[in-house]
Chemist: 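My questions will all concern the structure given below.
First the proteins, then the strands, lettered A, B, ... as listed; each starts at 1. These values consider heavy atoms only, across backbone and side chains, with no hydrogens, waters or symmetry-generated copies.
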2 protein chains.
Amino acid sequence: MTELDNTTEKKILDAAKVVFLEKGFDGARMQEIADEAKINKALLHYYFRCKDNLFNAIFQEAFQQFLPKVAEVMMTEKPLFEKIEFFIDNYITMLLNNPHLPGFIMHELNRNPGRIVNIIKSSGVKPEYLGIAIQKEVDAGLIIPIDPVHLIINMLGLCLFPIIGKPIITGFFFNGSTRAYQKFLSERKKEVTSFVINSIKKK
Amino acid sequence: MTELDNTTEKKILDAAKVVFLEKGFDGARMQEIADEAKINKALLHYYFRCKDNLFNAIFQEAFQQFLPKVAEVMMTEKPLFEKIEFFIDNYITMLLNNPHLPGFIMHELNRNPGRIVNIIKSSGVKPEYLGIAIQKEVDAGLIIPIDPVHLIINMLGLCLFPIIGKPIITGFFFNGSTRAYQKFLSERKKEVTSFVINSIKKK
DNA sequence: GTCTATATTGTGATAGAC
DNA sequence: GTCTATCACAATATAGAC
C-alpha cells in the first residue's frame with residue numbers, strides 16, 4: 001500500500017469488509033456500511049457509485065486472502081509432511097484471524113458461481129505441484145497412494161468446517177459455551193495435522 | 001404426512017424450500033416463491049402471514065434433515081468402524097440429494113446464531129454415545145485415542161466441504177468442468193471412509 | 001470531498017372483490 | 001381460498017448546496 005492508510009476510501013473499504021463479511025451482499029445495507037465507516041451514505045456512492053462495485057472490491061480482496069494459502073503449499077519444495085504441516089498451521093492461523101471469511105466466500109460463490117472463473121484465472125496457481133510432491137512420496141514408499149485433489153479437499157474441509165460450523169458446534173457439542181468452542185479450536189492444528197498424516201502414512 | 005400432498009400449502013412449502021435454500025433469507029423474494037409455486041403472492045401471506053414465518057417453517061424442516069444423520073451414528077450399537085462407514089455412506093448420499101442444504105444451514109445459522117438453541121433442544125441427541133463407542137475401541141487397543149468431538153467434526157468437514165465448496169473445487173481444480181466435479185464427488189464415499197479409518201487405526 | 005435532501009425503485013404486506 | 005390492486009416503507013441512488 002503506497003497510499004496513506006487513513007484515507008476515506010480506506011475507511012469505506014474497511015467498513016464494507018466488516019459488514020459484507022458478516023451479512024453477505026443481500027444482507028448488507030449501504031447505511032450500515034456508512035455508519036461503520038462513520039461517514040455519510042452519499043460518500044459511498046461518490047467513491048464507488050453503486051453497491052455492486054463496492055462489493056466486488058471487497059470480494060476480490062477477500063478471495064485473494066482466502067486462496068493464496070492454498071497456493072503456497074503447492075509451490076514450495078519441502079517434503080510432503082512438512083508441506084502439510086506448514087499448510088495446516090498457516091491456514092488455520094489465518095482462519096482464526098478471519099472467522100467470517102470462509103462462510104462469506106462460500107455463500108457468495110454459491111450465489112453467483114460465474115464470478116469465480118475471472119478470479120481463478122488471475123491467481124495463476126497450479127495444483128499439479130502438490131501432485132508431484134505426493135507422487136515422490138508414493139514412489140519412495142513413504143505414504144499410501146492418494147489423489148492429490150482429494151488430499152487438498154480433505155485438508156480444506158478439516159480446517160474450514162470448524163470455523164464455518166461455529167454455531168452448530170457450539171450449540172450442539174458445547175451447550176452454547178463459546179469458551180469450550182475456543183478451547184476446541186485451539187486444539188485443531190495439532191488434531192488436523194496428526195489426523196491427515198496418520199491417514200496417509202504407511203502402516 | 002397425513003394430508004394430501006398437493007395442497008396449496010404443500011406447493012408453497014416446496015417452492016419456498018427451493019428459493020430459500022438457493023438464495024438464503026435475505027436473497028429470497030416472496031414474488032419468486034409465488035412464481036415457483038405458480039400461485040399469487042398474496043396467497044403466501046394468507047397461508048403464512050409473513051416472510052419470517054414461511055422461512056422458519058423451511059429452516060426447521062431443513063435442519064431436521066441436516067441433523068438426524070449426525071445423530072443416528074451416535075445412537076446405534078454397531079462397532080466403531082461400521083458406525084463410521086454407515087454414517088459417511090448415509091450422510092454423503094443425503095448431501096448429494098440436497099446439495100444446497102449445508103450452505104443454507106451454515107449461512108443462516110451464522111446470520112442468526114441465536115436460532116440454534118431452540119432447535120438443538122428439541123433434537124434430543126447426545127454426542128456421548130459416540131464417545132462411549134470410541135472409548136471401547138481405545139480400550140481394546142484397536143484405535144489410537146481420539147476426542148470424539150474432533151472425530152465427528154473431522155467427518156462432517158470431510159463430507160460437507162466438497163458440497164459447499166462446489167464452485168471453488170470446480171473452478172480451481174477442474175477448470176470449470178462440472179463432469180469432472182461429479183466424478184470427484186462419486187469417489188468421495190470411498191475416499192472419506194478410508195481416510196478416516198486409516199487415521200485412527202493402530203499402526 | 002462531504003454533506004442534506006430527495007428521487008426512484010423494490011419488496012413485504014394488506015384491502016377488498018369474487 | 002384465490003385473485004387484482006394498492007399501500008407503506010425500506011433501500012439504492014442522485015441532485016445540488018457548501
Chemist: Identify, with sequence neighbours excluded, every residue that meets salt bridge (Lys or Arg N to Asp or Glu O under 4.0 Å) alongside B/Glu22.
Modeler: none

Chemist: Considering only residues two or more places apart or on different chains, which pairs with a residue in residues 148-160 of chain A satisfy side-chain hydrogen bond (donor to acceptor under 3.5 Å, both in side chains)?
Modeler: A/His150-B/Glu187, A/His150-B/Arg188, A/Asn154-B/Arg188, A/Asn154-B/Glu191

Chemist: For residues 164-172 of chain A, which side-chain donor-acceptor pairs fall under 3.5 Å, sequence neighbours excluded?
Modeler:
unit_1	atom_1	unit_2	atom_2	d
A/Thr170	OG1	A/Lys166	O	2.7

Chemist: For residues 92-107 of chain B, dump all side-chain donor-acceptor pairs below 3.5 Å to protein atoms at least two apart in sequence or in another chain.
Modeler:
unit_1	atom_1	unit_2	atom_2	d
B/Thr93	OG1	B/Asp89	O	2.8
B/Thr93	OG1	B/Lys189	NZ	2.6
B/Asn97	ND2	B/Thr93	O	3.3
B/Asn98	OD1	B/Gln65	NE2	3.2
B/Asn98	ND2	B/Met94	O	2.9

Chemist: Using a strict heavy-atom distance below 4.0 Å, which residues from residues 11-33 of chain A are in contact with DNA chain C?
Modeler: none

Chemist: If an axis is fit to five pairs at each end of the helix from C/dG1-D/dC18 to C/dC18-D/dG1, what is the angle between the two, to the nearest 10°?
Modeler: 10°

Chemist: Would you say a side-chain N or O of B/Thr8 is under 4.0 Å from OP1 or OP2 of D/dT2?
Modeler: yes

Chemist: Got a sec, which pairs hit side-chain hydrogen bond (donor to acceptor under 3.5 Å, both in side chains) with one end in residues 45-60 of chain A, sequence neighbours left out?
Modeler: A/Asn56-A/Arg115

Chemist: Return the set of residues passing side-chain contact (heavy atoms from CB on, under 4.5 Å) with B/Lys202 (not counting sequence neighbours), or none when no residue passes.
Modeler: B/Ile144

Chemist: Salt bridge check, B/Asp35 against B/Arg29: does any charged N sit closer than 4.0 Å to a carboxylate O?
Modeler: no

Chemist: Quick one: side-chain contact (heavy atoms from CB on, under 4.5 Å) partners of B/Asn40, sequence neighbours excluded?
Modeler: B/Ala42

Chemist: Near DNA chain C, counting only heavy atoms under 4.0 Å, which residues of residues 36-62 of chain B show up?
Modeler: B/Lys41, B/Ala42, B/His45, B/Arg49, B/Cys50, B/Lys51

Chemist: Taking only residues two or more places apart in sequence or in another chain, which ones pass side-chain contact (heavy atoms from CB on, under 4.5 Å) with A/Ala180?
Modeler: A/Phe174, A/Ser177

Chemist: Taking side-chain contact (heavy atoms from CB on, under 4.5 Å) as the test, write out the residues that go with A/Lys41, two or more places apart.
Modeler: A/Met30, A/Gln31, A/Ala34

